Amino acid sequence: MRKILSKTFFQRNTLAVARELLGKFLVRKIGKREIAGIITDVEAYDGLNDKASHASRGKTKRNEVMFRAGGVWYVYCVYGMYEMLNIVTREKGYPSAILIRGVLADDVLYKKTNGPGKLTKFFCIKRSLNENQAQKNSGLWIEDRGIKIKNFLRGKRIGIDYAGAWKHRLWRFYIMVEIAKI
DNA sequence: ACGATGATGAAC
DNA sequence: TTCATCATCGTA
C-alpha cells in the first residue's frame, strides 16, 4: 500500500495530524534517486496563541506560509546553520505547522537523521522547498504505506524555553526505536 | 557547558 | 542600521 497524503489529510486538527504522522513515510526524490524514511518524531505548533510558534507575534515575511491552507512545506533556517522542515496544517488563515524532528530510514541513516537539522541535511532539504506542495512535483512528500503505530510517547517540545506556560504542552509525539548494534 | 554562524524581527 | 535572539549540533 502506497498512498500519498493529500491536502485534506493536513487540513485538520494539528495535534491529530501530528499524532497520525508517526509511521508515515517521508519521501524525497532528487533526479532518479528516491530516499524514504519512517517518521518517528514530530512537534505541533498550533495557532496564534501558542507562544512557542513563530506565528505567535503575527504574520511576518518568514512565517506567512504558516497561515496558508495545509499541505505545503514550511522550511526555515535556525541558528544560522540548520534547516527545519515543517508541514503546514489547518485551513487558510489559521497559522499552524508540524516540525518533523526524526525519521528512520535504515540503521545507518537513523544515526544521521535523529534530529531536525540532521534530517534536512541528509534528505537535501533546503529553503527552496519552502511554500511548495507536499506532492510529487516538489520532490518531497509523505506517504501512507500501511504502518499502524499503536504505542507512542508524548512530551514537551524541544528548544522553546522562551514560551512561558506553553513550553509545558505535550505537543511532541514520538516513538522509540530499538536499534540493532551495527 | 559552550561556541559556531547567519537569518530574522523589533527597536531605534 | 544595529542588536538580541534563535523549533540545533558537535565537541568537550
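Only this structure's heavy atoms are used, side chains among them; waters, hydrogens and symmetry mates stay out. Keep in mind that this is a model prediction, so the values were computed, not measured.
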Measure the distance from [atom1] on [X] to [atom2] on [N] and round it to the nearest whole Å.
X        : N      : atom1 : atom2 : result
A/Asn114 : C/dT8  : CG    : C1'   : 12 Å
A/Lys51  : C/dT5  : NZ    : C1'   : 17 Å
A/Met81  : C/dG10 : CE    : C1'   : 10 Å
A/Glu43  : C/dT8  : CD    : P     : 7 Å
A/Asp41  : C/dA7  : CG    : P     : 16 Å
A/Asn130 : B/dT8  : CG    : P     : 10 Å
A/Leu119 : C/dT8  : CG    : P     : 13 Å
A/Lys126 : B/dG6  : NZ    : P     : 16 Å

How long is the span from the [atom1] atom in [X] to the [atom2] atom in [Y], to the nearest 0.5 Å?
X        : Y       : atom1 : atom2 : answer
A/Arg157 : A/Leu99 : CZ    : CG    : 10.0 Å
A/Arg12  : A/Lys7  : CZ    : NZ    : 16.0 Å
A/Leu48  : A/Lys59 : CG    : NZ    : 10.0 Å

Inset, instruction - Taking only the side-chain nitrogens and oxygens of A/Lys121, find out if one of them lies under 4.0 Å from OP1 or OP2 of C/dT8. - result: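 For C/dT8, neither OP1 nor OP2 has a side-chain N or O of A/Lys121 closer than 4.0 Å.
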
Inset, instruction - Starting at the 5' end of DNA chain B, write a dot or bracket for each base, bracketing those in Watson-Crick or G-U wobble pairs whose two distances are under 3.5 Å and using | for partners on another strand. - result: ||||.||||||.

Nearest to the side chain of [X], which nucleotide is it out of [options]?
X        : options              : result
A/Met66  : C/dA7, C/dC9, B/dG9  : C/dA7
A/Arg62  : C/dA7, B/dG9, B/dT5  : B/dG9
A/Tyr79  : B/dG9, C/dA7, C/dT8  : C/dT8
A/Thr60  : C/dA7, C/dG10, B/dG9 : B/dG9
A/Asn86  : C/dA7, C/dC9, B/dA4  : C/dA7
A/Arg101 : B/dT5, B/dG9, C/dA7  : C/dA7
A/Tyr82  : B/dT5, C/dT8, B/dG9  : C/dT8

Legend entry - NZ or CZ of A/Arg154 within 45° of A/Phe152 ring axis and under 6.0 Å: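 Pair A/Arg154/A/Phe152 does not count as cation-pi.
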
Inset, instruction - Using the ring of A/Phe123 (Phe, Tyr or Trp, six-membered ring only), decide whether A/Arg28 places NZ or CZ under 6.0 Å from its centre and within 45 degrees of its axis. - result: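 Judged by the rule, A/Arg28 and A/Phe123 form no cation-pi pair.
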
Inset, instruction - Answer with base, sugar-phosphate or nothing: what part of the nucleic acid does A/Met84 contact at a heavy-atom distance below 4.0 Å? - result: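 Answer is sugar-phosphate: A/Met84 comes under 4.0 Å of backbone atoms only.
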
Inset, instruction - Please check if any side-chain donor atom of A/Asp46 sits under 3.5 Å from a side-chain acceptor atom of A/Thr14, or the reverse. - result: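 Indeed, the side chains of A/Asp46 and A/Thr14 share at least one donor-acceptor pair under 3.5 Å.
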
Inset, instruction - Classify the side chain of A/Tyr76 and the base of C/dA7 as holding, or not holding, a donor-acceptor pair under 3.5 Å. - result: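 Yes, a donor-acceptor pair under 3.5 Å.
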
Legend entry - Nucleic acid contacts - residues 156-174 of chain A versus DNA chain C, non-hydrogen atoms under 4.0 Å: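 Residues of residues 156-174 of chain A that come under 4.0 Å of DNA chain C are, in numerical order, A/Ile158, A/Gly159, A/Ile160, A/Tyr162.
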
Legend entry - Heavy atoms of other groups near A/Asn151 CG, more than 12 under 6.0 Å: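 Atom CG in A/Asn151 is not crowded, with 12 or fewer foreign heavy atoms closer than 6.0 Å.
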
